[in-house]
Amino acid sequence: MASFTKVPLTAIQFYDSGTCPFAQRAWITLIEKKLNFQQKIVDLQNKPKHFTQLYACIHPDPTAPAKVPIIIDGDNQLIESNVVSEYLDVKYRSNGVKLFPEDALQLAKVRWFVDLFSETFLPSLFGLLRADSEESLQAAKIKMDSALKNLDKFVEQHGSSTGGDYFLGGSYSFAEVAGTPFVHRAFAALPAIRGYSIDKAIQQQKLTRLDAWIKAALARPSYQETAPADDTVAKSFQKFIGGFSGHVKQ
């Protein structure tokens with residue numbers, strides 16, 4: 001019989017900025033796993049010495065810039081959002097939601113979705129934000145339109161609609177944990193900064209499965225609890241903008 005680690009009596013220490021989408025993945029995971037944790041907010045613009053020293057002790061390169069998340073679970077210290085989330089899900093397998101499926105095929109497809117999302121949506125989002133000319137902005141718009149279309153096709157082809165609108169139908173998984181923080185930020189920041197609406201792009205292309213997935217993922221209570229306000233997102237994303245302030249036409 002398999003044995004599982006019980007929920008820790010001592011709170012897991014969770015270092016977060018309160019606005020980082022990567023750290024939000026870990027935060028959502030902690031909530032979904034119903035774990036006892038203590039959130040420690042770090043100002044990434046004025047990093048405290050103990051935080052940078054802690055990160056330097058964990059990262060193989062002690063000169064690497066300190067980032068969130070960091071978790072301390074007993075003697076275990078980890079960084080990187082995907083690593084943290086999988087560790088928590090596997091170690092505390094019997095608690096809360098199983099975010100990484102036990103079924104081999106479902107697990108492979110969740111990982112595949114996260115890879116595709118990271119390779120298509122994320123560079124498209126930051127490409128729109130960092131555009132420095134009308135030409136690069138238009139190219140970024142086309143790239144995002146294509147990313148949305150490919151994600152819709154992937155969820156339709158390799159996901160499930162049985163029991164719900166998550167990637168695995170009725171089962172919430174790391175596909176939502178990994179993707180939702182960035183989808184929300186695109187919804188919140190792109191219309192004001194670049195005049196690009198994810199929702200409008202989805203409606204124009206009739207991407208019904210992706211639309212259903214986004215609505216289900218954004219409505220998840222753990223996401224609602226951890227989501228920053230839209231104006232906070234828009235303000236934090238201003239740092240990616242250079243001197244070009246153009247807007248796309250949809």
Side-chain angles (χ1 to χ4, degrees), residues 20-26 28 67 80-83 85-86 99-101 105-133 135-161 165-169 172-218 220 223 227 233-234 236-237 240-241 246-250:
C20 174
F22 290 101
Q24 192 180 358
R25 291 173 171 177
I28 292 171
K67 301 181 294 184
E80 300 296 334
S81 60
N82 292 6
V83 173
S85 292
E86 185 165 7
L99 299 172
F100 290 81
L105 182 59
Q106 286 191 338
L107 177 60
K109 288 185 174 183
V110 166
R111 293 188 187 280
W112 191 5
F113 173 88
V114 174
D115 284 348
L116 180 67
F117 185 89
S118 300
E119 293 167 1
T120 59
F121 189 89
L122 293 191
S124 299
L125 169 59
F126 290 104
L128 279 165
L129 292 170
R130 291 180 170 133
D132 57 6
S133 66
E135 292 75 15
S136 62
L137 182 59
Q138 183 60 26
K141 175 193 177 298
I142 293 170
K143 189 173 182 180
M144 177 59 90
D145 287 344
S146 178
L148 295 172
K149 184 176 181 180
N150 289 335
L151 285 169
D152 178 76
K153 183 176 180 180
F154 186 90
V155 178
E156 182 69 39
Q157 184 175 353
H158 296 290
S160 171
S161 295
D165 291 324
Y166 297 128
F167 175 64
L168 296 178
Y172 186 79
S173 74
F174 189 65
E176 286 74 44
V177 175
T180 317
F182 292 94
V183 170
H184 170 223
R185 282 158 177 80
F187 268 81
L190 288 180
I193 295 174
R194 291 301 185 209
Y196 184 93
S197 165
I198 294 289
D199 186 56
K200 188 172 183 178
I202 287 173
Q203 302 310 318
Q204 287 175 337
Q205 298 186 84
K206 298 184 169 99
L207 308 179
T208 56
R209 184 62 183 93
L210 182 63
D211 185 43
W213 175 75
I214 288 174
K215 288 175 179 174
L218 289 175
R220 186 77 175 185
Y223 184 75
V233 171
S236 68
F237 270 38
F240 297 107
I241 309 303
H247 281 205
V248 299
K249 295 180 180 179
Q250 278 187 291

Quick check: closest heavy atoms across [X] and [Y], and the distance to 0.1 Å?
X    : Y    : value
Q250 : Q204 : C-NE2, 3.6 Å
A216 : D165 : CB-CB, 3.9 Å
W213 : V183 : CZ3-CG2, 4.1 Å
A201 : Y196 : CB-OH, 3.2 Å

Is [Y] close to [X] at the side-chain level, that is, under 4.5 Å between some pair of heavy atoms?
X    : Y    : value
F182 : F22  : yes
V114 : S118 : yes
H158 : F113 : no
L125 : F237 : yes

Pair K149 + D145, salt bridge at N-O below 4.0 Å: no
field: SB check E86 R111 (cutoff 4.0 Å)
entry: yes
If you round to the nearest 0.5 Å, how far is [atom2] of [Y] from [atom1] of [X]?
X    : Y    : atom1 : atom2 : value
I198 : M144 : CD1   : CE    : 4.0 Å
D211 : D199 : CG    : CG    : 6.5 Å
S124 : F117 : OG    : CZ    : 10.0 Å
D115 : F154 : CG    : CZ    : 9.0 Å
I202 : S197 : CD1   : OG    : 8.0 Å
E80  : R25  : CD    : CZ    : 10.0 Å

query: Residues in side-chain contact (heavy atoms from CB on, under 4.5 Å) with T180, at least two apart?
result: E176, A217, L218, Y223
Indicate every side-chain donor-acceptor pair of residues 185-194 with a distance under 3.5 Å to a residue at least two apart or in another chain.
from: R185; atom 1: NH1; to: Q24; atom 2: OE1; distance (Å): 2.9
from: R185; atom 1: NH1; to: P181; atom 2: O; distance (Å): 2.8
from: R185; atom 1: NH2; to: T19; atom 2: O; distance (Å): 2.8
from: R185; atom 1: NH2; to: Q24; atom 2: OE1; distance (Å): 3.2
from: R194; atom 1: NE; to: L128; atom 2: O; distance (Å): 2.8
from: R194; atom 1: NH1; to: F244; atom 2: O; distance (Å): 3.1
from: R194; atom 1: NH1; to: G246; atom 2: O; distance (Å): 3.1
from: R194; atom 1: NH2; to: L129; atom 2: O; distance (Å): 3.0
from: R194; atom 1: NH2; to: A131; atom 2: O; distance (Å): 3.0
from: R194; atom 1: NH2; to: F244; atom 2: O; distance (Å): 3.4

query: Sub-3.5 Å donor-acceptor pair from the side chain of S85 to the main-chain atoms of N82, do we have one?
result: no
Heavy-atom donor-acceptor pair, D152 side chain to L210 backbone, under 3.5 Å: yes
- prompt: Is the number of heavy atoms from other residues, nucleotides or ligands under 6.0 Å of K67 NZ greater than 12?
  reply: no
